[in-house]
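Order of listing sets the numbers, starting from 1, for every ligand and every atom in it.
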Amino acid sequence: MERNVIVGQSGGPTAAINSSLAGVYRTAKDRGAKKVYGMLHGIQGLLQESYIDLSDHIKTKLDEELLKRTPAAFLGSCRYKLPAIHENKDVYEKIFAILDKLDIEAFIYIGGNDSMDTIKKLSDYAIITGHPCRFIGTPKTIDNDLPLTDHTPGFGSAAKYIGTSMKEIIRDGFCLDYGHGLVTIVEVMGRNAGWLTGATALSKGEDCEGPDLIYLPEIAFDLKKFMKKVKKLLEIKTSIMVVVSEGIKTTDGTYVCELAKPIDFVDGFGHKQLTGTASYLATYVANELGCKTRAIELSTLQRSASHLASRVDILEATQAGGAAVMAADEGDSGKMVVLERISDDPYQCGTSIRDVHKIANGEKLVPREWINKEGDYVTDEFIAHVLPLIQGDVSPIMVDGIPRHLLTPKELSHRS
Ligand code: F6P
């Protein structure tokens with residue numbers, strides 16, 4: 001590389017998103033980039049000329065290691081949809097003028113399906129105008145719903161945390177006698193894809209029965225059938241564990257969480273904020289069956305638990321960041337790095353690149369054949385697919401008994 005690189009983070013964060021940032025930084029530096037800039041709050045921040053020189057923040061090898069162990073987007077994130085090129089050329093002119101001012105040769109964006117829309121539009125604009133800057137996406141999302149990649153960095157760590165927490169919650173449920181029984185409803189993120197919800201089955205093993213029922217958003221949720229199952233289970237067990245995706249819908253397409261209260265928050269890409277499914281169902285079960293219920297929304301914890309990150313995930317996230325820089329350096333643009341599984345046993349995975357137009361705004365759901373016939377559990381094939389992705393640990397760097405993180409540019413500015 002002869003000139004400069006700029007990198008941004010976009011969408012919901014993960015425990016591995018900063019490993020991709022570390023991978024971009026290291027590879028760009030090793031390949032001779034003069035400066036590696038970081039957009040603060042993605043493309044939205046760049047439009048306000050808000051960026052940093054990453055060398056001012058990553059000064060030592062220890063900083064790089066801390067960065068990989070730091071959850072949430074180090075640079076700050078955004079959910080900002082660029083207008084269509086024909087609708088507002090001014091925005092593109094402004095972005096490209098900033099890129100020229102910073103002498104950028106490669107623009108790397110770490111994000112999910114919505115964020116890849118940004119890479120798609122910017123690379124299209126570069127083609128139209130004959131601009132030489134290259135635009136490459138690095139996959140990221142706990143939801144694991146990006147097309148064309150075997151899985152996404154961030155998913156493995158979230159799945160490991162979810163599987164582990166599930167085991168702990170299941171054990172807790174059996175230690176008190178609540179008379180009429182306990183029904184616990186655990187709500188998991190993932191929007192319209194059930195990958196993370198299905199990952200609760202990873203808790204199942206020699207020392208744990210796993211959840212009793214798992215409801216993925218890929219299958220329409222039938223409240224009557226669900227109640228029948230819970231009632232039957234309560235006849236034989238004192239503690240029932242039900243997992244629901246935040247995105248389960250009734251047959252008419254209404255999100256279950258909307259049954260409790262209409263959703264008023266919608267993000268820049270038109271996604272409704274999904275929350276309250278577990279709490280709605282727990283209240284419903286308590287009213288109908290008179291038993292004790294508990295609603296647990298794993299919420300932010302599942303995507304920020306870097307203390308329980310998967311080593312495979314952190315390594316792959318770092319590798320994906322590096323692969324994006326290599327692709328740009330070799331002249332590619334309008335592409336996203338994908339993970340390609342080579343074998344399951346031993347698990348081996350490599351990287352490749354694919355056309356971002358085939359990925360942006362798409363959604364990869366759990367295949368029907370990986371969900372049981374009844375639509376309330378995942379199959380062994382699902383578990384075999386996910387298991388390699390949660391292997392290994394990354395020890396946190398502990399200070400005074402608590403994991404140490406790298407201070408973000410925002411935190412540093414608040415302190416000065
Ligand atoms: O896209 C990742 C994700 O974690 C989804 O699973 C979830 O629906 C969404 O982000 C939540 O976003 P926010 O934290 O902005 O409410």
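Counting non-hydrogen atoms of other residues, nucleotides and ligands closer than 6.0 Å to NZ of Lys81 gives a total above 12.
With values rounded to the nearest 0.5 angstrom, Ile98 atom CD1 is found 6.0 Å from Leu47 atom CG. Taking CD1 of Ile58 as the start and CG of Leu21 as the end, the distance is 5.5 Å to the nearest 0.5 Å. The CD1 atom of Ile390 lies 11.0 Å from the CG atom of Asp313; values are rounded to the nearest 0.5 Å.
Between the side chains of Asn361 and Asp117, at least one donor N or O lies within less than 3.5 Å of an accepting N or O.
In this structure, of Arg303, Lys140, Gln302, Lys272, the residue bringing a heavy atom nearest to atom 11 (C) of ligand 1 is Arg303.
Distances shorter than 4.0 angstrom occur between a heavy atom of Asp143 and an atom of ligand 1.
Between Gly190 and ligand 1, at least one N/O pair is under 3.5 Å apart. Any N or O atom pair closer than 3.5 Å counts here, and Glu246 shares at least one such pair with ligand 1.
Looking at atom 10 (O) of ligand 1, its nearest protein heavy atom turns out to be Arg79 NH2, 3.1 Å.
Contact annotation for Gln273 and ligand 1: only side-chain heavy atoms (C-beta onward) come within less than 4.0 Å of the ligand. With a 4.0 Å heavy-atom cut-off, ligand 1 is reached by no atom of Leu274.
Looking at Tyr215, its side chain never comes within 3.5 Å of a backbone N or O of Gly375 through a donor-acceptor pair.
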